[in-house]
There are 2 protein chains.
Amino acid sequence: MATYREADGWEILGDPTRRAIVASLAERPRAVGELAQELPISRPAVSQHLRVLKDAGLVDDEAAGTRRVYRLNPAGVAALRDQLDVFWRRALEGFQETVEQAADEEGRP
Amino acid sequence: MATYREADGWEILGDPTRRAIVASLAERPRAVGELAQELPISRPAVSQHLRVLKDAGLVDDEAAGTRRVYRLNPAGVAALRDQLDVFWRRALEGFQETVEQAADEEGRP
DNA sequence: ACGAACCGTAAGCTACGACTTACCGATGCT
DNA sequence: AGCATCGGTAAGTCGTAGCTTACGGTTCGT
């Protein structure tokens, strides 16, 4: 094999900064500068992450004067979540019962 | 902020090779050499990935003669899955309805 | 029209993760 | 005992993701 590199949704959310951006935008739409202020990185770095998220269809941007407001794209988020679920479903097919059983037994030995 | 680096479950499954290993072990337990044969990387590389997965509690290993059989740890897998769900739940809290609505409308405009 | 605010992009650096080769220990077989 | 198989670990290389600084473009205010 060599083509097991289909789902790159993992790479997108693999970066903690990107996850922080997504979480922040989930709360409410924000401008680039706002995001940069909450995060321990520079503004251009935020821009680059936003570009990745936009290419993935996770966020939409809208010009508002000199500022540019980014917001989460519900459809993109849902699609990504489905994509990640595909891994769990496909990979753990036939293993699911055991997993769920273990999940049930968690916390009460 | 600075401490948004809590959940490292993403880093673990962020690597495509590691995902392939998990998917393979979900099918059935395998020895290190078996895994290396299916993947386009060397055996030591597989060993290193297995170490990461074991440290995360995702796999268990068992000595079988000279071979060492690895299998998925159901509890660990379930725990990881829960951990990832925490992100979705926490991050998208209050955004959930919109997302689910978009998911429903997907494919039938 | 001019300066300020806001942002995207280019260029370059750096740290780290993933991989390789080489070596060594442990187990099984004859 | 001796050889082969299997696997973990060490050491070192390499690519690339993520960051920074520098620069240029666009929009708003006065």
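In what follows, chains carry the letters A, B, and so on, assigned in the order in which the sequence lines appear, proteins first and then strands, with residues in each chain numbered from 1.
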Quick one: [X] [atom1] to [N] [atom2], roughly how many Å, whole number?
X        : N       : atom1 : atom2 : answer
Leu39(B) : dG7(D)  : CG    : P     : 14 Å
Arg18(B) : dC19(C) : CZ    : C1'   : 13 Å
Lys54(A) : dC7(C)  : NZ    : P     : 14 Å
Glu34(A) : dC7(C)  : CD    : C1'   : 13 Å
Arg30(A) : dC7(C)  : CZ    : C1'   : 18 Å
Tyr70(A) : dC6(C)  : OH    : P     : 15 Å
Asp55(B) : dG17(C) : CG    : P     : 14 Å
Leu35(A) : dG18(D) : CG    : P     : 17 Å

### Task
Would you check if Asn73(A) and Val59(A) make a side-chain contact, meaning some heavy-atom pair closer than 4.5 Å?
no
### Query
Taking the side chain as C-beta and beyond, is there a heavy-atom pair between Leu50(B) and Val32(B) under 4.5 Å?
yes
### Query
Taking for each residue the nucleotide of DNA chain D with the nearest heavy atom, is it Asp15(A) or Leu50(B) whose nucleotide lies nearer the 5' end?
Leu50(B)
### Message
Please list, in numerical order, the residues of residues 58-68 of chain A that have a heavy atom closer than 4.0 Å to any atom of DNA chain C.
### Response
Thr66(A), Arg67(A), Arg68(A)
### Task
Taking only the side-chain heavy atoms of Ile41(A) (C-beta and beyond), determine which of dC19(C), dT20(D), dG8(D) contains the nearest atom.
dT20(D)
### Task
Among dG8(D), dT20(D), dG18(D), find the nucleotide with the atom closest to the side chain of Ala45(A).
dT20(D)
### Query
Can you tell me how far the CG atom of Leu72(A) sits from the CD1 atom of Ile21(A), to the nearest 0.5 Å?
11.0 Å
Between protein and nucleic acid, restricted to nucleotides 9-12 of chain D and to nitrogen or oxygen atoms under 3.5 Å apart, what atom pairs and distances do you find?
none

### Message
I'd like to check the side chain to side chain donor-acceptor pair (under 3.5 Å) partners of Arg71(A); sequence neighbours left out, ordered by chain and number.
### Response
Glu62(A)
### Task
Write out all pairs satisfying salt bridge (charged side-chain N to carboxylate O under 4.0 Å, His left out) with one or both partners inside residues 24-33 of chain A, taking only residues at least two apart or from two chains.
Glu27(A)-Arg30(A), Arg28(A)-Glu34(A), Arg30(A)-Glu38(A)
### Task
Ignoring backbone atoms, establish whether His49(A) has a side-chain N or O less than 4.0 Å from OP1 or OP2 of dA17(D).
no
### Query
With respect to the phosphate group of dT20(C), does any side-chain polar atom (N or O) of Ser42(B) fall under 4.0 Å of OP1 or OP2?
yes
### Query
Taking it one step at a time, do Asp85(B) and Arg90(B) satisfy salt bridge (charged side-chain N to carboxylate O under 4.0 Å, His left out)?
CA-CA 8 Å; Asp85(B) 271 351; Arg90(B) 274 239 269 276; over 6 Å; no
### Query
Do any N or O atoms from the side chain of Arg19(A) and from the backbone of Leu13(A) form a donor-acceptor pair under 3.5 angstrom?
yes
### Query
For residues 42-57 of chain A, which residue pairs qualify under side chain to side chain donor-acceptor pair (under 3.5 Å), counting only residues two or more places apart or in two chains?
Arg18(A)-His49(A), Lys54(A)-Asp61(A)
### Message
Filter on ring pair (Phe, Tyr, Trp, His ring centres under 6.0 Å), then keep only pairs touching residues 65-87 of chain B, sequence neighbours left out; what's left?
### Response
Trp10(B)-Phe87(B)
